[in-house]
Amino acid sequence: MQILVWVFEVLFISSLVGVFPLSLAETTSPGVCSEADRAALLAFKAKIVKDTTGILSSWIGRDCCGGDWEAVQCNPAGRVTTLALQGPVKDSSMYMKGTLSSSLGSLPFLQVLVISGMKLITGPIPDSFSKLTRLTQLVLEDNSLQGNVPSGLGLLSHLQTLSLAGNHLKGPVPPSLGNLRNLGMINLGRNSLSGPIPASLKNLHLLQSFDLSFNSLSGLIPEFIGQFRNITFIDLSNNQLSAHLPIAMFNLVSLSYLSLSHNQLTGTIPEQVGNLKSLTSLSLSSNKFIGHIPASISRLQNLWSLNLSRNGFSDPLPDVSNRGIPSLLSIDLSFNNLSLGTVPKWITDRQLSDVNLAGCKLRGSLPRFTRPDSLSSIDLSNNFLTGSISTFFTKMTSLQKVKLSNNLLKFDLSELKVPDGISSIDLHSNQVCGSLSSILNNRTSSFLEVIDVSNNLISGTIPEFSEGLNLKELNIGSNKIAGQIPSSISNLIELERLDVSRNLITGTIPMSLGRLANLHWLDLSINRLTGRIPTSLLGIKSMRHASFRANRLCGEIPQGRPYNIFPASAYAHNLCLCGKPMPPCRGNKQETSQ
């Protein structure tokens, strides 16, 4: 879903002509840089104490408009019109560290100011930015800015794009932003803003994209949101908004994306939802909605993603014809008050990519899908499904993730024939038996990243692990698995989470476990392990949780972080473990703090 949000926002920004000019060749040749503008830029550079992007290292020489100063563009008179510093959000090694200089407010001809993805730029947004009255684009997203959103930004009457997303801003959304009547996009998401959505925003009649998601906003969704006739994107998810949905919202015939998930909204979905003829994605998950899902939803001809999970919707589901919701690709009705019994034909007979019906009181055998080759993700967990799994995955050639946990499935792991491209298998809490060697062997796909078969009836031993596996999570806890942990566990070089607790495992903890540099969760508790906890585990710097309790371990606990600061309960009920956080080992001098 986050990828979907990103696509919508990128498409919107790209539609704004001239937002981020690509090169100076596209403009009239600029004049010599204004000395005042050059000084303002150098004052900004001075406040950046570290720049791993290398951009600011190009800011040398007298002429900031000659093309050598990266990210700076000027008009023919030599006045700076664009400052566009954009860092790659997902590359943690590329950043700028420092604060925003108020000197940028002394660039009177600036039209585009983009400082995004720099990660470690802290401090407040300078009040001097209110003097940038020619500004049309202000993008300060994905930094670490603090303080309030300055009310002075409401003076920037030419502003068309305002994005302050992905910072640490707090306080209210300033009512002065309602003065920005030319605004087409506002994104204040992923901050810590609080209070209501101000009534003054009703003046933003040209708004096309409205994102206040991932904050702590409260109160109602205002009725005036129905006046935004040009709007295509609304994301108010992950807040504390309450009460009913405003009926006026369902007059937005241009609206393409609507997410109100993870709030405290109540009431029902009105029949008028069928009026949103342009809607492609609707997410109302994790609220307090009740009643029936309206039949009018079948009129949404362009809808391809529908998420109504974790509410209180009740039976019956609407009777959707073959021609209803023709574009649907992804559906999530999980964890409502639905008692479906079987998966409706209007779901099984469609060419869907994602089907999520967890906790819908499904019974009987696993469903058969008419177009299994289109499925990429299935979640049928927390139901009452029974029987075998032997033919379920037949022709599911595109399947990547399957979750069938917390059912009554009864089969041997040797019957499990999964597609080659699958990345995640979750079968925990069923009645699965057999040996792990049926799914972990030299034929195991390198695409497989997650296996959870915990809380079943699996027996045998842990098989040897061959090189080339890319498992990130292996959970085989609460079974009847015996034998030793093989030293070849070190071949799982991508492993982040390992749980073998509540089994019958014997032998010692292999030294090779210390080679799993990415491991951050380790649970070996309630087994029959003997010997010492190997000091090689001190080499795992990412470890956040470990439990060795209820085994037959003895000797000194590795005396280094985090093992010597884990709670004593992580080591309890063993033979003779000692050293912090347990009592000192006999014969040792008083332990020094580490």
Side-chain angles (χ1 to χ4, degrees), residues 1-2 4-6 8-9 149 164-173 177 186-199 201-202 204 207 209-228 231-252 255-273 276 279-294 297 300 303 305-314 330-338 356 358-359:
M1 187 55 70
Q2 284 301 111
L4 179 63
V5 172
W6 179 83
F8 270 96
E9 294 190 347
V149 178
L164 309 177
N167 285 288
H168 305 302
L169 301 171
K170 61 182 182 179
V173 177
L177 297 186
I186 182 169
N187 186 352
L188 306 180
R190 294 179 289 119
N191 281 289
S192 299
L193 302 175
S194 56
I197 299 173
L201 298 189
K202 66 183 179 183
L204 307 181
L207 208 58
S209 180
F210 187 43
D211 191 342
L212 302 179
S213 61
F214 290 92
N215 281 288
S216 298
L217 299 173
S218 56
L220 312 180
I221 297 176
E223 193 78 24
F224 67 72
I225 210 164
Q227 300 173 20
F228 297 154
I231 203 157
T232 61
F233 182 99
I234 296 175
D235 191 347
L236 304 178
S237 64
N238 292 276
N239 281 288
Q240 298 168 23
L241 300 170
S242 58
H244 292 204
L245 297 175
I247 293 295
M249 175 183 288
F250 300 99
N251 297 325
L252 301 174
L255 188 63
S256 178
Y257 180 97
L258 176 61
S259 180
L260 306 175
S261 60
H262 294 274
N263 279 287
Q264 299 169 21
L265 300 168
T266 57
T268 61
I269 301 178
E271 282 289 335
Q272 289 90 332
V273 69
L276 300 177
L279 204 62
T280 61
S281 179
L282 174 62
S283 180
L284 303 178
S285 65
S286 298
N287 280 286
K288 299 177 181 178
F289 292 116
I290 58 172
H292 304 317
I293 298 170
I297 211 160
L300 299 176
L303 190 71
S305 178
L306 175 64
N307 189 347
L308 304 179
S309 63
R310 298 183 185 276
N311 282 286
F313 294 117
S314 54
S330 175
I331 185 167
D332 193 344
L333 304 178
S334 302
F335 299 112
N336 280 284
N337 290 329
L338 298 170
N356 301 279

> Hey, is the main chain of Leu193 close enough, under 3.5 Å, to the side chain of Asn191 for a donor-acceptor pair?
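Answer holds: no.
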> Measure from the side-chain N and O atoms of Asn311 to the backbone N and O of Leu284, and report whether any donor-acceptor pair falls under 3.5 Å.
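Pair found, side chain donor or acceptor close to backbone of Leu284.
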> Report yes or no: does Asn356 contribute a side-chain atom to a donor-acceptor pair with the main-chain N or O of Ala358 at less than 3.5 Å?
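Answer holds: no.
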> Go through it in stages, so that I can follow the logic: the residues are Leu282 and Leu303, the test is side chain to side chain contact (heavy atoms under 4.5 Å, CB included), and I'd like the CA-CA distance, side-chain angles, deciding distance and then a yes or no.
CA-CA 8 Å; Leu282 174 62; Leu303 190 71; 4.0 Å; yes
> When you compare the side chain of Asn187 with that of Ser209, does any pair of heavy atoms fall below 4.5 Å?
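Sidechains of Asn187 and Ser209: no contact.
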> Is Asp332 close to Leu306 at the side-chain level, that is, under 4.5 Å between some pair of heavy atoms?
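When only atoms from C-beta onward are counted, Asp332 and Leu306 do not touch, as no gap falls below 4.5 Å.
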> Go through it in stages, so that I can follow the logic: the residues are Leu164 and Leu169, the test is side chain to side chain contact (heavy atoms under 4.5 Å, CB included), and I'd like the CA-CA distance, side-chain angles, deciding distance and then a yes or no.
CA-CA 8 Å; Leu164 309 177; Leu169 301 171; 3.8 Å; yes
> Using modelled atom types only, decide if a donor and an acceptor are shared between the side chain of Asp235 and the backbone of Ser237 within a distance under 3.5 Å.
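Pair found, side chain donor or acceptor close to backbone of Ser237.
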> Is the backbone N or O of Ser256 less than 3.5 Å from a side-chain atom of Thr280, with the two atoms forming a donor-acceptor pair by type?
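The answer is yes, because a donor-acceptor pair under 3.5 Å joins these two groups.
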> Between Phe228 and Phe210, what is the ring plane arrangement, given parallel below 30°, perpendicular above 60°, and tilted in between?
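Because their plane-to-plane angle is over 60°, the rings of Phe228 and Phe210 count as perpendicular.
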> Measure across Leu252 and Gly226 and return the closest heavy-atom pair with its distance rounded to 0.1 Å.
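Closest heavy-atom pair between Leu252 and Gly226: CD2-O, 3.6 Å.
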> Tell me whether Asn215 contacts the main-chain N or O of Ser192 through its side chain, where contact means a donor paired with an acceptor under 3.5 Å.
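Here the side-chain-to-backbone pair exists.
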> If you take all heavy atoms of Ile247 and Gln272, which pair is closest and at what distance?
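Closest approach of Ile247 to Gln272: CG2-NE2, 4.0 Å.
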> Considering all heavy atoms of both residues, which atom of Pro270 and which atom of Phe250 are nearest to each other, and what is their separation?
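Shortest heavy-atom contact: CG-CE1, 3.3 Å.
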> Any heavy-atom pair between the side chains of Tyr257 and Thr232 that's under 4.5 Å?
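Not in contact.
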> Indicate the atoms forming the closest heavy-atom contact of Asn239 with Leu217, along with that distance.
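Looking at all heavy atoms of both residues, the closest pair is OD1-N, 3.0 Å.
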> Less than 4.5 Å apart, side chain to side chain, heavy atoms only: is that true for Ser334 and Arg310?
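Sidechains of Arg310 and Ser334: no contact.
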> Are the side chain of Asn263 and the backbone N or O of Leu241 linked by a donor-acceptor pair below 3.5 Å?
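Flag set: sc Asn263 to bb Leu241 pair under 3.5 Å.
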> Could you go through Phe335 and Ser309, starting from their C-alpha distance and side-chain angles, then the distance that decides it, and tell me whether this counts as side chain to side chain contact (heavy atoms under 4.5 Å, CB included)?
CA-CA 6 Å; Phe335 299 112; Ser309 63; 5.7 Å; no
> What closest approach, in Å, do Ile197 and Pro222 show between heavy atoms, and which atom pair accounts for it?
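Distance-wise, the nearest heavy atoms are CD1-CD, 3.9 Å.
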> Show the nearest heavy-atom pair for residues Phe233 and Leu255, with the distance to one decimal.
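That would be N-CD1, 3.8 Å.
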> Is there a side-chain contact between Asn238 and Arg190 in this structure, where contact means two heavy atoms from C-beta onward sitting under 4.5 Å apart?
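Result no, sub-4.5 Å side-chain heavy-atom pair not found.
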> Run Ile269 and Phe313 through side chain to side chain contact (heavy atoms under 4.5 Å, CB included) and show every step you take.
CA-CA 10 Å; Ile269 301 178; Phe313 294 117; 3.5 Å; yes
> Is a donor on one side and an acceptor on the other found under 3.5 Å between the side chain of Asn287 and the backbone of Leu260?
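Judged by distance alone, yes, a pair lies under 3.5 Å.
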> Looking at Leu236, is its backbone amide N or carbonyl O close enough to the side chain of Asp211 to form a donor-acceptor pair, meaning the two atoms are under 3.5 Å apart?
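Side chain of Asp211 to backbone of Leu236: no pair is present.
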> Quick one: does any side-chain atom of Asn307 pair with a main-chain N or O of Ser283 as donor and acceptor, under 3.5 Å?
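Flag not set: sc Asn307 to bb Ser283 has no pair under 3.5 Å.
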